Undergrad: 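Questions regarding the structure given below will be posed in turn.
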Number of protein chains: 2
Amino acid sequence: MASCDTCLVRNRAICAVLDGDELQSLNKIGRTRNIAAGEALIWEGDDSLLVANVMEGVLKLSTGTGDGREQIVGIVYPADFIGRPFGARSQHTVTALTDARVCTFTRGDFDGFARQHPELEHKLLQRTLTELDRARHWMLLLGRKSATEKMATFLLEMSERLVDASCRATDGPLDHFTLPFGRQQVADILGLTIETVSRQLTRLKADRFIDLPSRRDIVILDRQGLADLTG
Amino acid sequence: MASCDTCLVRNRAICAVLDGDELQSLNKIGRTRNIAAGEALIWEGDDSLLVANVMEGVLKLSTGTGDGREQIVGIVYPADFIGRPFGARSQHTVTALTDARVCTFTRGDFDGFARQHPELEHKLLQRTLTELDRARHWMLLLGRKSATEKMATFLLEMSERLVDASCRATDGPLDHFTLPFGRQQVADILGLTIETVSRQLTRLKADRFIDLPSRRDIVILDRQGLADLTG
DNA sequence: CGTGGCATTGATGTGGCTCAACGATAGTGG
DNA sequence: CCACTATCGTTGAGCCACATCAATGCCACG
């Protein structure tokens, strides 16, 4: 059974504001669940039956048009919260990019618990406000940036956000990291095609901004140079 | 002095969850402020000194690149909440599109009040979750839709969201409405140029989907036809 | 009756998409 | 361990949607 005592994200997830007793109550209504890479947890348009905390792994939030075009609208890391509490239909699909472990709650259970624990709601509000800032910032990239600017922005953002996901003790951005995405997914994040993503990467490599030791590995050689390309 | 008693959005803004006494306390720390069309209330990167409820008018949230490209990342209507509570820097500029009246609070005052009124925070959380859904949905439009699809989506969305702002008593989407935007602003919402916006509109008019009685007026002639174009 | 700020329209250019082929890598089974 | 195959990524050629550049038109204003 799930135990918050051993939870790796105990101090970073929204549960961090709860004391021992509260945590135990939450523990009772939660269920640990493993998800294989590629497996979906929540589907767009579904009644949002469950919410969850991510303990391990990386997941994507995505929507698509009727004819199969897809846009990734969010990336979820350990300690992040997923799902849509408080009575609304889920607006996007949640899919695991790597094998993942999440701590799930039925929406009803979670809503009830949250209403009785304002501290938890407050934490959730802060997270949601941050996510909203991030989403709006990404709208600038999608609406106004060139392919090169998109790529540079993406690489720098990844080098910052993957810090926690990595095993590094140090702070600060990483100069070497492994993307949890294939090329198609990068394309779906940036609003580009797979070919354009590939060409941009090879060009950035040729120009000595980055190195590409393997399919999913990125080495940042010239961080300032990349920053100058972000637009 | 501001009085919540006569506030037009009393029952729709986040204040709706407050009872008489609470409202009076909130009233004490709030200040009504008039903003002229075109005037900015909050600047990107500023310490977020104030938050506000919109009582009247329409405002935009926007960000831009260093070289002047702009992206509108949100549109704010009466009863909506603006600003970034809880200690973060504001990530976008807030500018009035029409003459507006807002009910402002210093961030510190509001934060304190909110922490003592979980019902208010809950309402704010719900609003923020809805805004996040909306922002993410817009990312699909920016990243993956063609100019025609963008325009059709935009017109239908406006016909729905301007219902409240209009004086109409009826529910349901409007078939005739006045945009609070010029062409440049529509372009900045959709991630297009002003010329493309203009051409798309004239084409939709020529194809009898809409009529354009004046610069900012839109008449929807074929709602289903437009819906078929949204992608 | 100008005058200045939008909006429309046209001509031309180009960044990124499409279509197509090829190459690399990881996984599989002999 | 290696050949085989499926999947993923790269590269190239050509094209098209949208951007850019440049007039011209339309009101609303003084």
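What you see is a predicted model, and the numbers here were worked out from it, not measured in a lab. Within every chain, numbering begins at 1; the chains are lettered A, B, ... in the order of the sequence lines, protein sequences first and strands thereafter.
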Undergrad: Mind running a 4.0 Å heavy-atom check of residues 195-211 of chain B against DNA chain C and sending the residues that fall below it, in number order?
TA: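 The answer is B/E195, B/S198, B/R199, B/T202.
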Undergrad: How many whole angstroms separate atom NZ of B/K150 from atom P of D/dC18?
TA: 8 Å
Undergrad: Tell me: CE of A/M151 to C1' of C/dG15, nearest whole Å?
TA: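 After rounding, the gap between these two atoms is 17 Å.
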Undergrad: As a quick check of understanding, evaluate side-chain hydrogen bond (donor to acceptor under 3.5 Å, both in side chains) for B/T148 and B/Q200, giving each step before the final call.
TA: CA-CA 6 Å; B/T148 304; B/Q200 290 298 327; 2.9 Å; yes
Undergrad: State whether B/R136 and B/E131 are salt-bridged, where the test is any N-O pair (Lys NZ or Arg NE/NH1/NH2 against Asp/Glu carboxylate O) under 4.0 Å.
TA: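 Judged by the 4.0 Å cut-off on N to carboxylate O distance, B/R136 and B/E131 do not form a salt bridge.
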Undergrad: Name each donor-acceptor pair under 3.5 Å that joins a side chain in residues 204-215 of chain A to protein atoms two or more places apart or in another chain, with its distance.
TA:
from   : atom 1 : to     : atom 2 : distance (Å)
A/S214 : OG     : A/D217 : OD2    : 2.7

Undergrad: What is the distance, rounded to the nearest whole Å, between atom CG of B/L212 and atom P of C/dC6?
TA: 19 Å
Undergrad: Heavy-atom contacts under 4.0 Å between residues 186-193 of chain A and DNA chain D, which residues?
TA: none
Undergrad: Roughly how many Å is it from CD1 in B/I194 to C1' in D/dA19, rounded to a whole number?
TA: 13 Å
Undergrad: Under 3.5 Å, side chain of B/T98 to main-chain N/O of B/A37, donor-acceptor pair present?
TA: no
Undergrad: In whole angstroms, how far is the C1' atom of D/dA28 from the CZ atom of B/R216?
TA: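 My rounded result for the distance is 13 Å.
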Undergrad: Starting from C1' on C/dA26, measure out to CZ on A/R215 and report it in whole angstrom.
TA: 7 Å
Undergrad: Would you sort out whether A/S159 and A/R223 count as a side-chain hydrogen bond (donor to acceptor under 3.5 Å, both in side chains), showing the intermediate values?
TA: CA-CA 10 Å; A/S159 85; A/R223 183 171 292 271; 3.0 Å; yes
Undergrad: Scan for salt bridge (charged side-chain N to carboxylate O under 4.0 Å, His left out) pairs involving residues 137-148 of chain A, sequence neighbours excluded, and state none if there are none.
TA: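 Every pair satisfying salt bridge (charged side-chain N to carboxylate O under 4.0 Å, His left out) with a residue in residues 137-148 of chain A: A/R144-B/D188.
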Undergrad: Do B/R161 and B/E157 meet the salt-bridge criterion of a basic N to acidic O distance under 4.0 Å?
TA: yes
Undergrad: Please report, rounded to the nearest Å, how far the C1' atom of C/dT18 is from the CD atom of A/Q184.
TA: 14 Å
Undergrad: Between B/G182 and A/S214, which has a closest nucleotide on DNA chain C that is more 5'?
TA: B/G182
Undergrad: A/D67 has an atom CG; how far is it from atom P of C/dT18, in whole Å?
TA: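 To the nearest whole Å, that distance equals 10 Å.
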Undergrad: Considering only residues two or more places apart or on different chains, which pairs with a residue in residues 50-61 of chain B satisfy side-chain hydrogen bond (donor to acceptor under 3.5 Å, both in side chains)?
TA: B/E56-B/R101, B/K60-B/E70
Undergrad: Quick one, which residues of residues 136-148 of chain A touch DNA chain C with a heavy atom under 4.0 Å?
TA: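 Residues of residues 136-148 of chain A under 4.0 Å from DNA chain C: A/S146, A/A147.
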Undergrad: Less than 4.0 Å between a side-chain N and a carboxylate O, is that true for A/D46 and A/R89?
TA: no
Undergrad: Would you say the ring centers of B/F81 and B/F110 fall short of 6.0 Å from each other?
TA: yes
Undergrad: Does A/A36 offer a backbone N or O that forms a donor-acceptor pair with the side chain of A/E39 under 3.5 Å?
TA: yes
